[in-house]
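As structure tokens, the structure follows; a few thoughts come after it.
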Amino acid sequence: MAIPRTRPSVYPAILSYGFRPFFLLGSLQAGVAILLWLPLYYGKLEILSVFLPVDWHIHELLFGYLPAVVTGFLLTAIPNWTGRLPVQDFRLLVLVLLWLAGRVAVFFSAETGWFLSAFVDCSFLFAVVTAAATEIVAGRNWRNLKVLLPAATLFAANVMFHAEAHYQGVSDMSRRLGLGAVVVLIMVIGGRIVPSFTRNWLVREKPGRLPASFGRFDIGTIALSAVGLVAWTFFPDTIATGGLLVAGAVLNAVRLGRWAGDRTLADPLVLILHVAFAFVPLGLLLAGLAVFAPGTVPPVAGIHALAVGAIACMTLAVMTRASLGHTGRALTANAGTCAVFVAIVIAAVLRIAAAMAPAAAILLHISAAFWVAAFVGYAVLFGGMLMRPRLNARGK
């Protein structure tokens with residue numbers, strides 16, 4: 001008999017699978033964080049955190065929103081990897097409450113003190129990595145333990161972020177370490193799902209040229225790019241770092257070109273995966289060029305190409321697809337979903353443009369508006385289905 005997808009439960013449907021609470025809460029937090037960010041940036045709103053406004057902004061997206069989405073993805077993928085039942089009900093509720101406690105602790109850390117805030121905030125990722133590792137080991141799915149390395153690195157970066165902000169007054173290396181860890185996760189997981197979902201759609205809808213299979217070229221590209229991101233974390237201004245980043249950009253662009261993305265224009269759910277991944281080589285290229293021509297290409301351009309482009313676009317792409325598939329809906333993008341995709345891509349392009357032309361403040365404001373529209377739009381479109389039970393075979 002097939003293993004049931006979830007256990008019978010008296011808990012609400014939103015606690016039946018990891019993607020449900022974490023995708024919804026993460027999207028809401030991403031929208032609210034940017035709504036608060038610009039007033040904080042311009043001094044119109046007083047922050048209650050020990051972090052500087054810019055550090056609070058970075059932290060709540062890199063170590064608030066992102067861990068929520070990563071957790072939702074991991075807790076949903078692991079049962080497919082192991083054949084075990086998902087983390088749900090009380091265990092899932094504990095993780096949700098830990099995440100919420102972290103957001104409150106960071107925002108009010110000026111009252112609670114930096115150490116207590118750091119302990120509460122960092123406890124979430126530690127608990128997630130522990131829970132994920134326990135499930136993978138119990139299912140003897142040893143090969144997927146490597147997926148936890150970027151998540152563990154994100155935990156370490158969060159610990160470092162709190163320490164740097166306290167002892168140095170502002171975060172530095174921890175920003176790049178956390179960002180680099182998630183970019184590597186996108187190169188690993190995205191490098192699997194983008195060609196896989198593309199192949200499945202093309203075989204069914206548009207026979208012909210198919211994506212190249214994952215192989216040694218992909219492994220070499222990920223390895224070289226990871227080395228470049230490590231170098232960027234600790235030695236961001238060296239020529240060697242710039243060379244590694246540019247090389248990683250070229251190889252990832254070639255890698256993306258092997259996935260037949262030009263043949264997916266008819267399916268927004270597949271196309272957005274290719275568009276999102278395209279920001280990886282763009283971000284690596286801009287980060288590398290910032291080393292060679294810092295007066296022309298500011299370092300923040302590459303950072304936002306990776307953060308707002310690769311990470312935000314890819315997470316929204318995965319969130320929408322998983323939300324539809326795991327709630328029993330058809331994998332089709334309606335007008336609202338397409339609007340969410342368009343909004344986040346515009347937000348990314350304008351944020352990169354704002355970094356390249358800092359005098360044009362209007363670009364920053366418009367980018368923020370499109371960001372909020374994308375994430376609040378996701379919450380509005382998908383919130384109901386995330387809170388209701390999965391549809392049955394009859395669509396009820």
Side-chain angles (χ1 to χ4, degrees), residues 29-30 32-67 99 101-126 152-183 229-238 241-242 245 283 286-287 290-291 294-295 297-308 311 351 354-355 358-359 361 364 367-368 371:
Q29 195 260 358
V32 171
I34 294 300
L35 281 175
L36 294 176
W37 161 235
L38 286 180
L40 287 171
Y41 180 73
Y42 288 110
K44 304 297 183 181
L45 185 65
E46 183 178 354
I47 193 168
L48 301 175
S49 174
V50 295
F51 290 153
L52 295 174
V54 67
D55 272 344
W56 179 84
H57 163 65
I58 294 168
H59 183 275
E60 286 308 283
L61 294 178
L62 196 55
F63 302 109
Y65 162 70
L66 268 175
W99 182 84
R103 310 288 55 76
V104 174
V106 168
F107 192 84
F108 292 102
S109 55
E111 302 296 326
T112 62
W114 82 274
F115 185 81
L116 178 60
S117 168
F119 179 81
V120 173
D121 180 48
C122 295
S123 295
F124 172 69
L125 271 172
F126 179 81
T153 303
L154 194 62
F155 162 74
N158 195 15
V159 173
M160 186 188 299
F161 192 102
H162 283 277
E164 278 192 321
H166 178 68
Y167 291 109
Q168 298 182 15
V170 64
S171 63
D172 181 30
M173 286 189 298
S174 54
R175 301 178 182 183
R176 296 188 294 275
L177 180 61
L179 183 59
V182 181
V183 172
L229 288 167
V230 170
W232 180 61
T233 297
F234 298 103
F235 312 103
D237 302 320
T238 66
T241 295
L245 291 173
L286 290 172
V291 175
V297 181
V300 72
I303 289 172
H304 283 101
L306 294 173
V308 184
I311 293 175
R351 189 60 188 90
L364 181 62
S367 173
W371 170 285

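Between Phe124 and Phe63, the ring centre distance reaches or exceeds 6.0 Å. Here the two rings, on Phe161 and His59, have centers that are under 6.0 Å apart. Aromatic ring centres of His162 and Phe115: separated by at least 6.0 Å.
Ala181 and Leu154 get closest at one heavy-atom pair: CB-N, 4.2 Å. The heavy-atom pair separating Pro298 from Ala355 by the smallest distance is CG-O, 3.2 Å. Taking all atoms of both residues into account, the shortest heavy-atom contact from Cys122 to Asn158 is SG-ND2, 3.8 Å. The heavy-atom pair separating Val120 from Gly102 by the smallest distance is CG1-N, 3.9 Å. Closest of all the heavy-atom pairs between Asp55 and Val170 is OD2-CA, 3.3 Å. When all heavy atoms are compared, the tightest approach of Ser174 to Ala157 is CB-O, 3.5 Å.
Considering OH of Tyr42 and CG of Leu40, their distance stands at 12.5 Å, rounded to 0.5 Å. Distance check: Leu116 CG to Glu111 CD gives 12.0 Å after rounding to the nearest 0.5 Å. One finds the CD1 atom of Ile47 at 7.5 Å from the OG atom of Ser109 (value rounded to the nearest 0.5 Å). We find the CG-CZ distance between Leu62 and Arg176 to be 12.0 Å, quoted to the nearest 0.5 Å. In this structure, CG in Leu61 is found 5.0 Å from CD1 in Ile34, a value given to the nearest 0.5 Å. Going from atom CG of Leu35 over to atom CG of Leu45 covers 11.0 Å, rounded to the nearest 0.5 Å.
Here the side chain of Ser123 pairs a donor or acceptor atom with the backbone of Phe119 at under 3.5 angstrom. Put simply, the side chain of Gln29 gets close to the backbone of Glu60: a donor and an acceptor are under 3.5 Å apart. No donor-acceptor distance shorter than 3.5 angstrom exists from the side chain of Ser171 to the backbone of Ala165, with no hydrogens or angles considered. Although no hydrogens or angles enter the test, the distance criterion places no donor-acceptor pair under 3.5 Å between the side chain of Thr241 and the main chain of Pro236. Within the 3.5 Å criterion, the main-chain N or O of Ala30 finds a donor-acceptor partner in the side chain of Trp371.
For the pair Trp37 and Val54, the minimum side-chain heavy-atom distance is below 4.5 Å. With a 4.5 Å cut-off on side-chain heavy atoms, Arg175 and Thr233 do not count as touching. Using a 4.5 Å heavy-atom threshold, the side chains of Leu179 and Ile58 count as separate. Side-chain contact check for Leu38 versus Leu364: some heavy-atom pair is nearer than 4.5 Å. Looking at heavy atoms from C-beta onward, His304 lies in side-chain contact with Val308 at the 4.5 angstrom threshold.
Classification of the Trp114-His166 ring pair by plane angle, with boundaries at 30° and 60°, yields parallel.
The neighbour count for Phe234 CZ, taken as heavy atoms of other residues, nucleotides or ligands under 6.0 Å away, is above 12.
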